[in-house]
*Asks:* 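Below are the structure tokens for one structure; questions will follow.
In this text the structure is predicted, and so the values were computed from the model without any measurement. Chain naming here is simple, since letters A, B, ... match the order of the sequence lines and numbering starts at 1 in each.
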Protein chains: 2
Amino acid sequence: MTGEVPDRRRSSARSREALLEAATELFSERGYDRTTIREIGERAGVDAALISRYFGSKALLYVAVLRAEHGDTAPEDLLTGPRLREVAERAERRGPVPLLRVAVQSSSDQAAQDAARAALQARLVEPLRARFTREGRDRPGLRADVLVASVAGVLLARHSGAFDDLADADLDAIVDVLLEAWGDS
Amino acid sequence: MTGEVPDRRRSSARSREALLEAATELFSERGYDRTTIREIGERAGVDAALISRYFGSKALLYVAVLRAEHGDTAPEDLLTGPRLREVAERAERRGPVPLLRVAVQSSSDQAAQDAARAALQARLVEPLRARFTREGRDRPGLRADVLVASVAGVLLARHSGAFDDLADADLDAIVDVLLEAWGDS
DNA sequence: TCACCGTGTCATCATGCGATGACATCGCTT
DNA sequence: AAGCGATGTCATCGCATGATGACACGGTGA
């Protein structure tokens, strides 16, 4: 074990990080509205009141989650083919990514909604649209929207409890079915 | 106009019906959790307290909505091909059918969740799976789940406010894109 | 006409939520 | 060691929600 010795002293940075991570998981699992700041605090092992101090509000924490989630990787670029696998795998690791939720479910807080929408467009829809345009497909915008919405539906459905086979299947099988439908050009 | 003369006298049947219709619309637009009984009452032009009297609770009203929605038509049978158009058109008329929401988003009330799940399976997933099995497709169960989840994602996304082209496009165009992907065998 | 039961209205309760401020505690700096 | 700012804890506020019971109203039959 060459891991760092965890610094047990107080640290706002550590608390912030713990809250961010817990919030990412919970927003992924249950969506914005059904996640409470008390749950976030509990999972993070941190008092929920610190959310207000470090992020300002639940909505701003949500925005921070969206930013953090995409700050560490390159843009998705494309959903099709190998990229689809990347997106799906990320959803696998952290639950059905908060970003994808906004595709299907509007949240009660307008600021959270707007931020998520902007991120979704910039990270997934726009690159896809650009690609379809480049390839000369007709209705590239609509096609991009439909593809993103489909993928969001499938990845979210996996954890909704409404499907058996989808919940049990491993990710590769799911991606295979999607690619078979949409082609992996 | 050969329509019935609307009976303006008091009538529990009329109130029940008004509540049921308003609830169907609102559950469609916003999902179970984000719809309040006060909103339902307001849209129905009926006091919200009557929900408790006539349906027992918000959750039971939701169950009644699911039943009513599918009581008047034959089973969906299949999602592909012309049937896809039927499902989509119904979603168009009444907003993104409450049934489809459960595919992607679990609700806070367990009874509501279970009822919706059962209806979704019986009405959409099972018939589709049976068809795929009959046709000898591999992984028919998974394939059915993925297709239903995709369609749910797209139809819900149309009203989520996260997509522009999808919101503006007319239904036929959307169905065309879906059919192009999944084939309309 | 009157009494009664179905129907509608309203006030209110209990609960859970996000938010906030007062206070306690820690640990660095001097 | 003392002082002080940073960090953590707790109680509580205001608000929205689902639910419920008390009461008012109305029309229908005796």
*Asks:* Report which part of the nucleic acid Ile51(A) touches: base, sugar-phosphate, or nothing (heavy-atom distance under 4.0 Å, all strands).
*Replies:* nothing

*Asks:* Could you state the atom-to-atom distance from OH of Tyr32(B) to C1' of dT17(D) in whole Å?
*Replies:* 11 Å

*Asks:* Closest nucleotide of DNA chain D for Arg38(B) versus for Ser15(A): which of these residues is on the 5' side?
*Replies:* Ser15(A)

*Asks:* How would you label the contact of Ser108(B) with the nucleic acid (heavy atoms, under 4.0 Å): base, sugar-phosphate, or nothing?
*Replies:* nothing

*Asks:* With the side chain of Thr36(A) defined as its heavy atoms from C-beta on, choose the nearest nucleotide among dG21(D), dG18(C), dT20(C).
*Replies:* dG18(C)

*Asks:* Return the value, rounded to whole Å, for the distance between atom NZ of Lys58(A) and atom C1' of dA16(D).
*Replies:* 13 Å

*Asks:* Look at the side chain of Glu39(B) and the backbone N and O of Thr36(B), then say whether any donor-acceptor pair between them is shorter than 3.5 Å.
*Replies:* yes

*Asks:* Between dT17(D) atom P and Leu26(B) atom CG, what is the distance in whole Å?
*Replies:* 12 Å

*Asks:* Checking side chain to side chain donor-acceptor pair (under 3.5 Å) against Asp165(A), which of Arg139(B), Arg129(B), Arg143(B) comes through?
*Replies:* Arg129(B)

*Asks:* Can you see whether Tyr32(A) has Lys58(A) sitting over its ring - NZ or CZ less than 6.0 Å from the centre and within 45° of the normal?
*Replies:* yes

*Asks:* Let's go through Arg34(B) and Ser108(A) carefully: what are the C-alpha distance in whole Å and the side-chain angles of both, what is the deciding distance for side-chain contact (heavy atoms from CB on, under 4.5 Å) to 0.1 Å, and is it a yes or a no?
*Replies:* CA-CA 8 Å; Arg34(B) 296 193 50 213; Ser108(A) 63; 3.9 Å; yes

*Asks:* Show me the donor-acceptor pairs within less than 3.5 Å that the side chains of residues 42-54 of chain A make with the rest of the protein, sequence neighbours left out.
*Replies:*
| unit_1 | atom_1 | unit_2 | atom_2 | d |
| --- | --- | --- | --- | --- |
| Arg43(A) | NH1 | Glu25(A) | OE1 | 2.8 |
| Arg43(A) | NH1 | Glu29(A) | OE2 | 3.2 |
| Asp47(A) | OD1 | Ala49(A) | N | 2.7 |

*Asks:* Looking at Ser160(A) and Ser106(B), would you say the former's side chain and the latter's main chain have a donor-acceptor pair under 3.5 Å?
*Replies:* no

*Asks:* For Leu60(B) and dT20(D), give me the distance from atom CG to atom P, rounded to whole Å.
*Replies:* 11 Å

*Asks:* Using a cut-off of 4.0 Å on non-hydrogen atoms, how would the nucleic acid contact of Ser52(B) be classed: base, sugar-phosphate, or nothing?
*Replies:* base

*Asks:* Would you kindly give the CD1-to-P distance between Ile40(B) and dT17(D), to the nearest whole Å?
*Replies:* 11 Å

*Asks:* Give a yes/no on whether any side-chain N or O of Tyr54(B) is located under 4.0 angstrom from OP1 or OP2 of dG8(C).
*Replies:* yes

*Asks:* Only counting residues at least two apart or in another chain, list the ones meeting side-chain hydrogen bond (donor to acceptor under 3.5 Å, both in side chains) with Arg117(B).
*Replies:* Asp164(A)

*Asks:* Could you check Val46(B) against Asp47(A) and say which one's nearest nucleotide on DNA chain C is further toward the 5' end?
*Replies:* Val46(B)

*Asks:* With a 4.0 Å cut-off on heavy atoms, is Ala48(A) in touch with a base, just the backbone sugar-phosphate, or nothing at all?
*Replies:* nothing

*Asks:* With hydrogens left out and only the distance checked, is there a donor-acceptor pair under 3.5 Å joining Arg53(B)'s side chain and the base of dG8(C)?
*Replies:* yes

*Asks:* How close or far is atom P of dT7(D) from atom CG of Leu19(A), stated in whole angstroms?
*Replies:* 13 Å

*Asks:* Within the pair Ser12(B) and dG6(C), is there a side-chain N or O less than 4.0 Å away from OP1 or OP2?
*Replies:* no

*Asks:* Is there a side-chain contact (heavy atoms from CB on, under 4.5 Å) between Leu147(B) and Trp182(B)? Walk through the geometry before answering.
*Replies:* CA-CA 8 Å; Leu147(B) 216 193; Trp182(B) 290 93; 3.9 Å; yes

*Asks:* Nearest whole Å is fine: how far is dA6(D) P from Arg14(A) CZ?
*Replies:* 18 Å

*Asks:* Starting from Watson-Crick (N1-N3 plus N6-O4 or O6-N4) and G-U wobble pairs under 3.5 Å, report the runs of at least three that DNA chain D belongs to.
*Replies:* C:1-30 with D:1-30

*Asks:* What is the distance from CZ of Phe55(B) to P of dG18(D), rounded to the nearest Å?
*Replies:* 15 Å

